[in-house]
Amino acid sequence: MSAYSKIENKWRKLWLKAGVYEPDLKKAKKPFYNLMMFPYPSAEGLHIGSVRTFTGVDIYGRFKRMQGNDVFEPIGLDGFGINSENFALKIGVHPSRQAKISEKNFYRQLEMIGNSFAWREKLETYEPEYYKWTQWVFVQMFKKGLAYRKRSPVNWCPSCRTVLADEQVISGECERCSAKIEKKDLEQWFFKITNYAERLLAGLDKINWTESVKTTQKNWIGRSEGYSLKFPLIGIPGEEDRKHSIDIFTTRPDTLFGVTFIVISPELAKRWINDGWQVSGDVKKYIAHALSLRGNIKRGEEEKSGVFPGIHAINPANQEKIPVWISDYVLDAYGTGAVMAVPAHDSRDFEFAKKFNLTIREVISPDGRDHDLRAAYTDPGVLINSAKFNGTNSEKAKIEITKFAGGDRKINYRLRDWLISRQRYWGPPIPMIFCDFCHKSGKGERKEMPGWHSVPEKNLPVKLPFIKDYRPQGTGESPLAKERKFSKARCPMCKNWARRETDVSDTFLDSTWYFFRYLDTKNKNKPFDKQSAKKWLPVNMYIGGAEHSVLHLLYSRFITKAFFDWKIINFDEPFKKFRAHGLIIKDGAKMSKSKGNIVNPDGYFKDFGADVMRIYLAFMAPLEQGGDFRDQGISGIDRFLVRVGKLKAKLAKTSKEGLSENSEKLLHKSIKKIGEDIENLHYNTAISQLMILLSELEKLASLPWHSYDIFLKLLAPFAPYLSEELWQEFSAKGGPASGWKKQNSIHLEPWPKFDPKKIKDERFKLIIQVNGKVRAVLDATIGISEKAALEMAMEDESVKKYISSLAGSPKKTIFVPDKLLNLVI
RNA sequence: GGGCGAGUGGCGGAAUGGUAUACGCGCACGACUUAAAAUCGUGUGCCGAAAGGCUUGAGGGUUCGAGUCCCUCCUCGCCCACCA
């Protein structure tokens with residue numbers, strides 16, 4: 001037990017009872033939404049890294065509150081999802097039960113760390129009153145044509161036995177369990193995030209976010225300006241009537257005369273076959289083999305493979321007949337699933353051509369001459385072997401050749417639609433019903449999807465039933481599919497018996513909109529109140545992990561833009577300011593249960609108290625910087641707070657005493673620096689300044705009241721408990737704790753202001769350099785002239801010595817007012 | 001392979017182009033103590049007895065002056081990766 005546990009318990013209760021941290025969501029005058037990414041309640045509880053982030057966010061929020069803002073700092077749990085379910089499976093406790101256990105532990109820890117949370121507005125994504133509205137979001141997406149079903153090759157995790165979004169596949173592996181991802185052909189629900197590609201990109205310019213996160217999003221959206229070209233096809237048996245040509249996307253139409261073959265993806269080939277294209281057994285074998293390997297490739301290591309099915313295309317530039325190959329190095333999901341191959345100027349095509357002995361024709365040359373190419377030449381140059389374009393600059397040739405070949409400009413995105421379905425148990429059931437009768441008669445809520453109906457709003461939520469065997473099936477269906485009672489439903493349109501969708505939605509749908517719900521957690525009629533959203537959103541400050549750059553942060557921006565389009569909000573970016581916190585590692589590795597290096601904060605908080613730990617974690621490094629966790633310096637912070645506690649013994653007898661000019665100057669400089677440092681999330685230097693100020697105040701024989709008052713307020717965001725305790729003792733407003741009111745809290749006091757006049761120096765240290773090296777530091781008056789400074793310098797013994805040793809007189813002097821004088825000899 | 005970021009004492013780290021190493025840890029010595037802990041004080045980049053010299057991953061450049069700006073390279077971290 002730390003010496004502070006008694007006062008911590010006392011204030012925690014008093015704050016909660018008085019609602020010190022509960023802004024009036026309807027009437028607040030200066031709303032400030034201070035948000036941190038809500039945690040998913042893992043079984044291990046919070047680890048020291050998340051505690052550092054949470055207390056770091058809170059220091060900022062407390063500072064903003066003292067600056068007179070109505071700060072809203074909500075908290076909740078992102079408890080639905082595969083991760084929580086996997087843990088439940090492992091220990092054999094039902095996820096709904098485990099959720100309650102984790103919830104208790106998390107809230108205990110979150111109370112312990114001393115954050116100014118608005119507890120009344122807490123939420124959990126697995127509670128029906130929350131996921132009712134997650135389902136509502138899905139229904140709206142369907143109604144507005146942004147949710148659709150499609151059969152396509154999707155990422156399948158064989159270990160989690162579910163499909164995953166592209167964003168959840170890391171280098172061909174499952175983000176959660178690192179199993180190799182397979183491709184499965186399944187019909188699934190998708191959200192049309194690609195409709196928003198351009199706006200998601202453009203919106204980045206108007207928000208204040210960590211630059212690296214913006215770059216990551218930009219790269220993920222992957223806008224590429226290029227050209228689309230048509231290659232006439234010849235020789236597809238049975239397909240002459242329909243497949244006259246093939247479209248390709250390229251950024252290098254300048255190399256068109258160097259196209260010596262075409263390559264299509266195995267997926268595209270398969271679609272052609274499904275449409276009636278006749279191919280040999282070998283070709284079919286290759287396609288099947290390539291598709292089974294998809295997602296299971298070791299990047300960059302494997303040799304190129306492919307097969308020639310015997311068909312040809314015509315190069316539109318020179319009318320040459322070129323072969324069409326099938327190879328797995330062509331991605332189906334990017335561009336058109338087909339590429340024009342220019343082996344001379346693309347390293348992948350080069351490799352392929354070498355392997356299968358295909359023609360390599362150089363058409364771009366750095367010097368206008370022909371070369372014996374050992375590798376692809378990918379830089380710009382001058383065109384050769386390109387008929388009338390010979391001698392043209394390759395950049396200039398792009399648009400000219402495109403015109404010549406009858407192509408067009410085309411913009412392509414890497415971003416793909418968001419796969420929402422999960423064949424798992426622990427999530428919100430997708431609120432859709434499929435009716436065979438409507439399907440047969442071509443009826444449905446949306447013309448293009450006959451048979452599909454959304455669950456009427458009055459019937460939401462579609463409650464997740466309690467089922468004993470919630471294990472994932474591996475059949476491409478959720479375990480809910482086995483529950484007849486659940487899957488049977490009446491068609492909302494024709495009232496006949498119909499089938500309920502049994503997949504659940506991706507966890508990331510739960511977290512796309514939680515910051516809206518915080519504003520109105522008790523609302524039974526709407527997902528959130530429009531007026532509150534207008535008042536509080538967009539979020540003023542959002543802090544979280546950079547690992548969500550292309551997941552949560554991108555999805556939330558997408559949903560917000562959709563809400564904007566549906567006119568339920570009046571802004572289209574959810575987070576005005578976002579800062580990514582640094583990652584705290586342990587012994588050089590990310591903290592994880594499998595590595596056994598998770599640092600549990602409980603013991604530290606118990607031994608040292610919340611204030612000491614908050615300051616220790618904030619003092620380690622700037623919030624945006626990570627690092628290896630060590631507990632080396634905690635004793636230093638402990639000492640610091642003990643010294644703070646002793647300060648009151650020095651308090652002056654009356655309030656009349658003041659500080660000396662120098663101490664007053666340091667006090668005001670500290671107010672300025674600490675405020676600026678907190679604003680920049682540089683808590684480490686703010687704390688360092690508090691330490692410097694404390695040392696100064698300790699030296700005084702008698703401590704003036706106003707300086708003590710200011711010191712406690714500057715300390716308050718960092719050490720909320722101790723500062724409150726000391727301030728109540730000190731403040732005349734205080735009175736006994738039993739009659740304590742919200743208004744008495746130091747945390748609602750105004751942040752101290754500095755007087756710019758008081759921080760002005762009259763004297764400064766004039767640095768004298770000789771040839772750029774410091775040779776003297778002289779005490780001088782602010783505003784000293786260059787001439788006077790030079791005179792002072794020339795009288796200085798050590799300066800004289802250096803000048804005479806260099807046997808010269810200053811040729812030139814550089815004078816930086818109130819800073820330095822450099823004598824150049 | 002591509003993108004982003006970072007390399008400063010024994011350690012965490014500090015420095016609007018202007019005294020590099022603030023603040024804290026650790027360490028050493030001293031005071032207090034019978035003793036220890038705690039506390040307080042002093043010192044603490046490296047070489048050197050000193051004078052002085054050297055020092056921000058390596059090398060070059062710009063500048064009167066570079067940890068900071070530019071170029072090349074090395075190392076580490078994170079993200080992405082056959083994206084045409």
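Residue numbers begin at 1 in each chain, while the letters A, B, ... track the order of the sequences. Side chains included, hydrogens not; waters and symmetry mates left out as well; all remaining heavy atoms used.
Atom-to-atom, CG of A/L551 to P of B/C78 comes out at 17 Å; the value is rounded to the nearest Å. In this entry the distance linking CG of A/D166 with C1' of B/C79 reads 16 Å, nearest Å. What separates CD1 of A/I221 from P of B/C79 is a distance of 19 Å, to the nearest Å. In this entry the distance linking CG of A/D379 with P of B/G2 reads 12 Å, nearest Å. Between the C1' atom of B/A15 and the NE2 atom of A/H682 lies a distance of 12 Å, rounded to the nearest Å. Rounded to whole angstrom, the span from the CG atom of A/D328 across to the P atom of B/A84 amounts to 18 Å. Atom NZ in A/K590 sits roughly 8 Å away from atom P in B/C78 (whole-Å rounding). Atom pair A/R52:CZ and B/G13:C1' shows a separation of 12 Å (rounding to whole Å applied).
Pairs passing the salt bridge (charged side-chain N to carboxylate O under 4.0 Å, His left out) check and including a residue from residues 672-682 of chain A, sequence neighbours excluded, read A/K64-A/E679, A/K577-A/E679, A/K672-A/E676, A/K673-A/D677. Residue pairs satisfying the salt bridge (charged side-chain N to carboxylate O under 4.0 Å, His left out) criterion with at least one member in residues 547-557 of chain A, sequence neighbours excluded, are listed as follows: A/R557-A/E573. Under the ring-ring contact (aromatic ring centres under 6.0 Å, His included) criterion, the residue pairs touching residues 620-647 of chain A are A/Y604-A/F629, with sequence neighbours excluded.
Where A/D346 and A/G627 meet RNA chain B, the nucleotide closest to each residue was compared, and A/G627 sits on the side nearer the 5' end. When each of A/V824 and A/S212 is assigned the nucleotide of RNA chain B with its nearest heavy atom, A/S212 is the one assigned upstream, toward the 5' end.
B/C23 sits 41 Å from B/G3 when the P atoms are compared, rounded to a whole Å. As rounded to the nearest Å, B/G13 and B/G61 have P atoms that lie 32 Å from one another. The gap from the C1' atom of B/U21 to that of B/G67 amounts to 11 Å, rounded to the nearest Å. Comparing the C1' positions of B/A28 and B/G9 gives a spacing of 16 Å, expressed to the nearest Å. For the C1' atom pair drawn from B/G26 and B/U63, the interatomic distance equals 39 Å after rounding to whole Å. Across the C1' atoms, B/G60 and B/A49 are found 38 Å apart, a figure rounded to whole Å. With both ends at atom C1', the span from B/A81 to B/C4 equals 14 Å, rounded to whole Å. The same atom, C1', is picked in B/U33 and in B/G45; the two are 35 Å apart, to the nearest Å.
Side-chain contact check for A/D417 and A/T194: at least one donor-acceptor pair (N or O, by modelled atom type) lies under 3.5 Å.
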Base-pairing string, 5' to 3', of RNA chain B - Watson-Crick or wobble, under 3.5 Å, | interstrand: (((((((..(((.....[....)))((((((.......))))))(((....)))..(((((..]....))))))))))))....
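Residue contacts for A/G226: at a heavy-atom cut-off of 4.0 Å it reaches no nucleic acid atom on any strand shown. A/Q625 comes within contact range of the sugar-phosphate backbone alone, with a heavy-atom separation under 4.0 Å but no base atom that close.
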All N/O contacts under 3.5 Å from nucleotides 44-53 of chain B to the protein, with atom names and distances to one decimal?
| unit_1 | atom_1 | unit_2 | atom_2 | d |
| --- | --- | --- | --- | --- |
| B/G52 | OP1 | A/K801 | NZ | 3.1 |

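Looking at residues two or more places apart in sequence or on another chain, you find no salt bridge (Lys or Arg N to Asp or Glu O under 4.0 Å) involving A/D205. Applying the side chain to side chain donor-acceptor pair (under 3.5 Å) test to A/W220 and every residue at least two apart in sequence or in another chain returns A/E167. Residues satisfying the salt bridge (Lys or Arg N to Asp or Glu O under 4.0 Å) criterion with A/E351, sequence neighbours excluded, are A/K304. Taking A/S549 as the reference, nothing meets the side chain to side chain donor-acceptor pair (under 3.5 Å) condition, with sequence neighbours excluded. For A/R361, the salt bridge (Lys or Arg N to Asp or Glu O under 4.0 Å) test picks out A/E320, with sequence neighbours left out.
Aromatic rings of A/F352 and A/W325 (six-membered ring for Trp) have centroids within the 6.0 Å cut-off, being under it.
In this structure, A/R775 does not pair ionically with A/D796, as no charged nitrogen and carboxylate oxygen lie closer than 4.0 Å.
Applying the 90° criterion around 0 to the glycosidic angle, B/G9 comes out syn.
Checked against B/C4, B/A84, B/G12, the side chain of A/M620 finds its nearest nucleotide in B/G12.
Looking at A/D818, its side chain does come within 3.5 Å of a backbone N or O of A/G783 through a donor-acceptor pair.
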Side-chain atoms of residues 248-259 of chain A: list all donor-acceptor pairs with protein atoms under 3.5 Å, sequence neighbours left out, distances to 0.1 Å.
| unit_1 | atom_1 | unit_2 | atom_2 | d |
| --- | --- | --- | --- | --- |
| A/T250 | OG1 | A/R252 | N | 2.9 |
| A/R252 | NE | A/D254 | OD1 | 3.1 |
| A/R252 | NE | A/D254 | OD2 | 3.2 |
| A/R252 | NH1 | A/T378 | O | 3.2 |
| A/R252 | NH2 | A/D254 | OD2 | 3.0 |
| A/T255 | OG1 | A/R252 | O | 2.7 |

In B/S/- notation (B base, S sugar-phosphate only, - none; protein heavy atoms under 4.0 Å), nucleotides 18-26 of chain B written 5' to 3' is BB--BBSSS
